[in-house]
Undergrad: 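Have a look at this one.
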2 protein chains.
Amino acid sequence: MTQDISPSVARATAPTFSPLYRQIKDFLVDCLARGEWGPGAAIPSEAELAQRFNVSQGTVRKAIDEMAAENLLVRRQGKGTFVASHDDPRSHYRFLRLIPDDGSMVESHSEPFACAVQEAAPEVAAALQLETGAPVIVIKRLLSFAGKSVIYDQIYLPAGQFPGLTLETLRAGERSFYSLLENDFGVRMIHAEERLRAVAADAESAGLLAVAEGSPLLLVERTAYTYGNQPVEWRRGLYLTTAHYYRNDLG
Amino acid sequence: MTQDISPSVARATAPTFSPLYRQIKDFLVDCLARGEWGPGAAIPSEAELAQRFNVSQGTVRKAIDEMAAENLLVRRQGKGTFVASHDDPRSHYRFLRLIPDDGSMVESHSEPFACAVQEAAPEVAAALQLETGAPVIVIKRLLSFAGKSVIYDQIYLPAGQFPGLTLETLRAGERSFYSLLENDFGVRMIHAEERLRAVAADAESAGLLAVAEGSPLLLVERTAYTYGNQPVEWRRGLYLTTAHYYRNDLG
DNA sequence: AAGTGGTCTAGACCACCGT
DNA sequence: CGGTGGTCTAGACCACTTT
């Protein structure tokens, strides 16, 4: 007989039946999306969830295993299972792929220098699933390794989801950009897609990165998504790759 | 009491104890590395392996689960578990990340035009863990999408592991490069690392890709590894990214 | 019908963490 | 110590594929 974690839910003529562990996973993902447990918080123990859903602990375990593999949760033996957070040092460099040629682990430093609201250009609107002309926050910043500027980022966010975000906010504190969005606006980035191209530096980029106009730069366009595959950030990064490279592992 | 899948193995004073499922995984990986089962072949069933190792089926299952997640094995319900192969269409585009801007799924065509043995330059030797000057096979080829050349590859292989590889071999048949290495030389690529940079086209690349000298190109340097993290291929690819982009998913 | 992987259970014990 | 996740078992039943 087909089972369901919530007997009160009408199964009716629904032609789609998921295994129990998947129903549990879907439920837990929904809890995360609704902010039931904030980033860094502990979720209920496997035993408690098993009791709550009337399933065995192994079934709950399989659901959590998959979510841990997707970087949604973090297991810590003896302590519990926690909602993944960009505050965690382990998640800190998950989205930055530029590495110095010499392999040194120098600290990177972000220097935002502009933050304004604009109307979304068609390209930006399409990526963020907004109407063209909708208000977006535009942030410009320079990222440097060991004092040398290597990335010029232009970041676009839907204005409505980040009220009161200013240049001062960005410059305050040492936390990373995604940590800030997570803590101050409750928006957690869980996935991103990047499109890379080689381009010639325009006047603005050349000036900021201290190279000749026309020099080859690595263009990295990123769309970042929160729960439910909802895009909430689009950015255009220009990477100077004379002494650094973009690393990618093909599994 | 600590257990071991092979009671006859002296555990002696070994300070490292792995869980059973990890010992089984290590054993299976070793079987693959030794070529016990060729690519595409079926491995013994979970029940048989469980009996052979005197463990429960769930323990074998966990070992195989991890190997499937690492693309070493492929599970097929009702049929069995098989050694992953580049002949499988699913694995076919696992290493090619260049996508046309319009998203069309056009067929790519590889056109090798040079194949010779050279002495390894220091950079190549380092990547392949050989001595500088060791014999390496150098392959040059053009890859085109919809008739337009978009990638110029220079591929370096340790000559000793690929005896008799010629331009004729490469041009024969329609199989992919990694399928050929797998079928004709028993070398299966399981993992690769790429380093990306933006560079200016030199005369040779500009000519082959039909762009002006100095045009920005995406330089992709790849080291590919077989079982045991042994590097067996290094390649330098120059990608034309005016109508295509390199796609990367950040998990 | 027989064989395979896929799901699920109920219980055991271990390793680790906090108090 | 009690609570957590981590490993392992023995068995059940289901879904899929082939004979």
Side-chain angles (χ1 to χ4, degrees), chain A residues 1-7 11 15-28 37 40-84 88 90, chain B residues 1-7 11 15-28 37 40-84 88 90:
Chain A
M1 177 188 125
T2 306
Q3 302 181 48
D4 199 295
I5 58 172
S6 148
R11 265 185 285 117
T16 76
F17 297 106
S18 326
L20 280 179
Y21 77 87
R22 179 153 291 284
Q23 298 177 44
I24 292 168
K25 181 183 171 186
D26 290 345
F27 176 86
L28 293 175
W37 307 299
I43 72 169
S45 73
E46 295 179 358
E48 186 184 332
L49 289 170
Q51 196 175 14
R52 187 181 301 181
F53 296 132
N54 270 297
V55 300
S56 82
Q57 181 170 342
T59 300
V60 170
R61 199 171 168 72
K62 178 144 184 168
I64 293 179
D65 275 345
E66 286 195 358
M67 295 174 69
E70 294 167 15
N71 295 306
L72 296 177
L73 297 175
V74 176
R75 320 191 77 136
R76 276 182 249 196
Q77 178 166 163
K79 300 182 69 174
T81 303
F82 302 81
V83 181
D88 188 324
R90 281 187 292 273
Chain B
M1 178 188 121
T2 306
Q3 302 180 49
D4 198 294
I5 58 172
S6 148
R11 266 185 286 115
T16 77
F17 296 106
S18 326
L20 280 180
Y21 76 88
R22 179 153 290 285
Q23 298 177 43
I24 291 168
K25 181 184 172 185
D26 291 345
F27 175 85
L28 292 176
W37 307 298
I43 72 169
S45 73
E46 295 179 355
E48 187 184 331
L49 289 170
Q51 194 176 17
R52 186 182 301 183
F53 296 133
N54 270 296
V55 299
S56 82
Q57 181 170 342
T59 300
V60 169
R61 200 170 167 73
K62 177 143 185 169
I64 293 178
D65 275 345
E66 285 197 358
M67 293 174 69
E70 295 167 14
N71 295 307
L72 296 177
L73 297 176
V74 177
R75 321 191 75 136
R76 277 182 249 196
Q77 179 168 160
K79 301 182 69 174
T81 303
F82 302 81
V83 181
D88 188 325
R90 281 187 292 272

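Residue numbers begin at 1 in each chain, while the letters A, B, ... track the order of the sequences. Bear in mind the structure is a predicted one, so any value in this text is a computation, not a measurement.
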Undergrad: Strictly below 4.0 Å, heavy-atom distances to any atom of DNA chain C: list the hits from residues 75-84 of chain A, or just say none.
TA: A/Gln77, A/Gly78, A/Lys79

Undergrad: Under 4.0 Å between a side-chain nitrogen and a carboxylate oxygen: does that hold for B/Lys62 and B/Glu46?
TA: no

Undergrad: I need the CG-C1' distance between B/Leu73 and C/dT4, as an integer number of Å.
TA: 15 Å

Undergrad: For A/Gly58 and B/Glu48, find the nucleotide of DNA chain C closest to each by heavy atoms; which residue's nucleotide sits nearer the 5' end?
TA: B/Glu48

Undergrad: Is it the case that B/Arg76 places NZ or CZ above or below the six-membered ring of B/Phe82, under 6.0 angstrom from the centre and within 45 degrees of the axis?
TA: yes

Undergrad: Using atom CD of A/Gln57 as one end and atom P of D/dT7 as the other, report the distance to the nearest whole Å.
TA: 13 Å

Undergrad: Looking only at heavy atoms, which two atoms of B/Tyr21 and B/Thr59 are closest? And how far apart?
TA: CB-O, 3.6 Å

Undergrad: Taking CZ from B/Arg22 and C1' from D/dC8, how many angstroms apart are they, rounded to a whole number?
TA: 16 Å

Undergrad: Do you know which two heavy atoms are closest between B/Asn71 and B/Ala84, and how far apart they sit?
TA: O-CB, 3.3 Å

Undergrad: When you measure from the side chain of B/Arg61, which nucleotide among C/dG6, C/dT9, D/dG5 comes out closest?
TA: C/dG6

Undergrad: Would A/Lys25 and A/Glu70 pass as an ion pair if we require N to O under 4.0 Å?
TA: yes

Undergrad: Return the value, rounded to whole Å, for the distance between atom CZ of A/Phe53 and atom P of C/dC8.
TA: 13 Å

Undergrad: Checking contacts here: which listed nucleotide (C/dT4, D/dC8, C/dC8) is nearest the side-chain heavy atoms of A/Tyr21?
TA: C/dC8

Undergrad: How long is the span from the OG atom in B/Ser45 to the NZ atom in B/Lys79, to the nearest 0.5 Å?
TA: 15.5 Å

Undergrad: In this structure, how many angstroms lie between the P atom of D/dG6 and the CD atom of B/Gln23, rounded?
TA: 19 Å

Undergrad: Over all heavy atoms of both residues, which pair between A/Leu49 and A/Pro44 is shortest? Give the atoms and the distance, please.
TA: CD1-O, 3.6 Å

Undergrad: So if I take every side-chain heavy atom of B/Ser56 and compare against C/dT9, D/dG6, D/dT9, which nucleotide ends up nearest?
TA: D/dT9

Undergrad: Could you tell me the separation between the CD1 atom of B/Ile64 and the P atom of C/dG5, rounded to a whole number of Å?
TA: 7 Å

Undergrad: Would you say B/Lys62 places a side-chain N or O within less than 4.0 Å of OP1 or OP2 belonging to D/dC8?
TA: no

Undergrad: Rounded to the nearest Å, what distance is computed from the CG atom of residue B/Asp65 to the P atom of nucleotide D/dT7?
TA: 13 Å

Undergrad: Could you give the CG-to-C1' distance, from A/Leu49 to D/dT4, as a whole number of Å?
TA: 12 Å

